[in-house]
Number of protein chains: 2
Amino acid sequence: MTPKSTTEADAAHEALAVVLRVRDGVLQVLLWERARRPFLGAWALPGGRLEPGETLERSLRRHLAAKVDVRDLAHLEQLETRSDPRRHPARRMIATAYLGLVPAHVDPSVPGDTAWQPVDDLPAMAFDHRDIALAGRERLRAKLSYTNIGFALAPPSFTISELRALYRAALGHDVSATNLQRVLLRRRLLEPTGETRPPGRAGGRPAAVFRFAATDLAVTDQFAVLRPPDVR
Amino acid sequence: MTPKSTTEADAAHEALAVVLRVRDGVLQVLLWERARRPFLGAWALPGGRLEPGETLERSLRRHLAAKVDVRDLAHLEQLETRSDPRRHPARRMIATAYLGLVPAHVDPSVPGDTAWQPVDDLPAMAFDHRDIALAGRERLRAKLSYTNIGFALAPPSFTISELRALYRAALGHDVSATNLQRVLLRRRLLEPTGETRPPGRAGGRPAAVFRFAATDLAVTDQFAVLRPPDVR
DNA sequence: TCAAGTTATCGACTGGTAGACGAAAACCAA
DNA sequence: TTGGTTTTCGTCTACCAGTCGATAACTTGA
């Protein structure tokens with residue numbers, strides 16, 4: 001049978017966040033420099049201990065409030081829970097990671113010990129945080145293809161060129177402007193605002209301005225290759 | 001600042017499993033009848049407390065061993081972590097749920113307090129286990145469409161008709177035998193064994209026998225509508 | 001004012017894939 | 001031999017994404 005009385009205390013639990021944004025064509029993650037051991041001075045994901053009575057998401061938002069304005073978080077979803085006993089060198093610590101997205105148009109001021117780092121060229125990181133950060137990137141990339149999660153990275157309105165730059169930075173490869181517009185329009189994820197943006201100094205045709213349709217994310221969170229019959 | 005000393009003990013953590021199989025054309029989940037309060041006598045997902053030094057997956061396999069032969073589990077992946085303080089009426093309990101799949105050809109004997117229940121017609125369940133079970137079903141349905149996760153539900157070899165029955169039960173809707181074969185063959189997920197199965201008493205053409213190709217699940221775990229250019 | 005350059009948008013072509021359907025194959029039973 | 005059953009295969013069609021080139025709408029500079 002399983003032991004009923006735990007000799008040591010129950011495992012501590014923490015919530016961590018992979019907060020991503022696109023800036024200057026680069027996908028960045030919010031990291032902070034640890035101020036205590038272990039891994040003193042190393043880069044780490046923001047987050048912290050779960051306190052009694054809190055949900056994980058609430059705890060995460062509380063810890064995050066010290067780093068960024070939580071109102072700037074356009075999207076937050078659970079990633080995975082890590083439980084390897086050796087992931088923390090000193091104590092038992094279970095971590096539940098979340099993926100958070102910050103739109104391109106907000107630039108939250110962050111404390112001095114906090115910085116945006118490129119996800120494709122991460123510095124040395126504490127614990128297993130590097131793996132978690134990369135898992136967050138992969139989740140974003142997968143979901144960009146079949147959901148409207150892109151709205152969480154984009155400003156309220158944008159041109160196709162601007163959106164294309166966002167997708168290129170997040171996906172890590174180029175996307176065709178023609179296909180991006182057609183695919184998103186056909187799926188009713190995008191709608192034109194009717195406005196246009198004046199061209200830059202080099203000239204060029206004014207770009208039409210679009211916005212993401214106000215559809216529920218959950219609605220478009222599904223994709224099926226084998227669709228049910230008669231649904232068309 | 002956040003409180004450093006926890007007045008009450010840290011939250012207890014449990015691992016739960018949504019173990020699914022297809023039997024007689026019905027998608028079933030493994031449940032057991034609780035033998036103690038709260039929810040005494042109600043149906044619950046198998047699982048139990050995480051003990052010191054265990055990973056979540058190891059803990060789950062240990063608890064599951066009392067219910068089914070763990071070697072019969074063809075697939076196990078993490079689903080989600082639930083942390084609502086009110087999900088357990090008496091104490092603080094965080095649950096990490098997993099999705100497990102049992103192939104159709106094995107029929108593990110289960111203890112008397114354990115039973116397979118239809119996922120589409122669940123009995124009243126303890127805690128939030130009903131939500132978790134349905135989340136497991138949705139994960140399976142989504143992944144059936146774009147991964148080779150179906151191999152974990154299928155016997156080592158099978159005819160297209162048998163596989164079609166499996167998919168119909170799991171997906172909840174009919175699938176065309178023609179398309180099922182063509183789609184899976186084209187993606188190299190399926191390969192013919194060269195054998196045929198003799199027809200039943202009513203006659204009919206002998207069915208060709210297939211098996212899932214021995215590709216790594218992780219390899220086929222990706223799908224992209226917006227593919228990178230030049231990859232063809 | 002006009003030509004050249006620039007950027008955005010659109011239409012057309014192509015290839016690939018899935019759903020539907022019916023024909024053909026391979027068996028059984030009467 | 002005929003009719004029924006099940007499986008398998010080919011074909012037709014629709015849809016969708018990737019590519020490419022034409023066109024639109026603007027700029028600057030001569």
Just the rounded figure in Å: distance from P of C:dC21 to CG of B:Leu180.
18 Å

So does B:Arg201 get a side-chain nitrogen or oxygen closer than 4.0 Å to the phosphate oxygens (OP1/OP2) of C:dA29?
no

Salt bridge check, A:Glu77 against A:Arg139: does any charged N sit closer than 4.0 Å to a carboxylate O?
yes

Residue closer to the 5' end of DNA chain D, B:Gly203 versus A:Thr178 (nearest nucleotide):
B:Gly203

Could you state the CZ-P distance from A:Phe210 to C:dA8, rounded to the nearest angstrom?
12 Å

On DNA chain D, more 5' by nearest nucleotide between A:Pro206 and B:Ala208 is B:Ala208

Salt bridge or not between B:Arg197 and B:Glu195? Use side-chain N to carboxylate O under 4.0 Å.
no

Could you work out which one of C:dT9, D:dA17, D:dT27 sits closest to the side chain of A:Pro199?
D:dT27

Rounded to whole Å, please give me the gap between CG in A:Asn179 and P in D:dA17.
8 Å

Report which part of the nucleic acid A:Ser176 touches: base, sugar-phosphate, or nothing (heavy-atom distance under 4.0 Å, all strands).
base

Protein-nucleotide distance (B:Tyr167, atom OH; C:dG19, atom P), rounded to Å
13 Å

Quick one: B:Arg188 CZ to C:dG16 P, roughly how many Å, whole number?
14 Å

Select one nucleotide: of C:dT17, D:dT5, C:dC27, the one nearest the side-chain heavy atoms of B:Ala202.
D:dT5

Take atom CD of A:Gln181 and atom P of D:dC16, then tell me their distance rounded to the nearest Å.
16 Å

Whether A:Phe151 and A:Phe212 hold their rings parallel, tilted or perpendicular, with breakpoints at 30° and 60°
perpendicular

Between P of C:dC28 and CZ of B:Arg197, the distance in whole Å:
16 Å

Would you say A:Ser161 places a side-chain N or O within less than 4.0 Å of OP1 or OP2 belonging to C:dA8?
yes

Looking only at heavy atoms, which two atoms of A:Leu45 and A:Leu16 are closest? And how far apart?
O-CD2, 4.0 Å

Over how many whole Å does the gap from B:Arg187 atom CZ to C:dG16 atom C1' extend?
12 Å

Would you state whether a donor and an acceptor, one from the side chain of B:Arg182 and one from the base of C:dG19, lie under 3.5 Å apart?
yes

Go through C:dT7, D:dT5, C:dA18 for me and flag the one nearest to the A:Arg205 side chain.
C:dT7

Checking A:Asp131 against A:Arg87 for the salt bridge (charged side-chain N to carboxylate O under 4.0 Å, His left out) test, could you report, in this order, the C-alpha distance in whole Å, the side-chain angles of both residues, the deciding distance, and whether it holds?
CA-CA 11 Å; A:Asp131 289 342; A:Arg87 63 178 297 276; over 6 Å; no

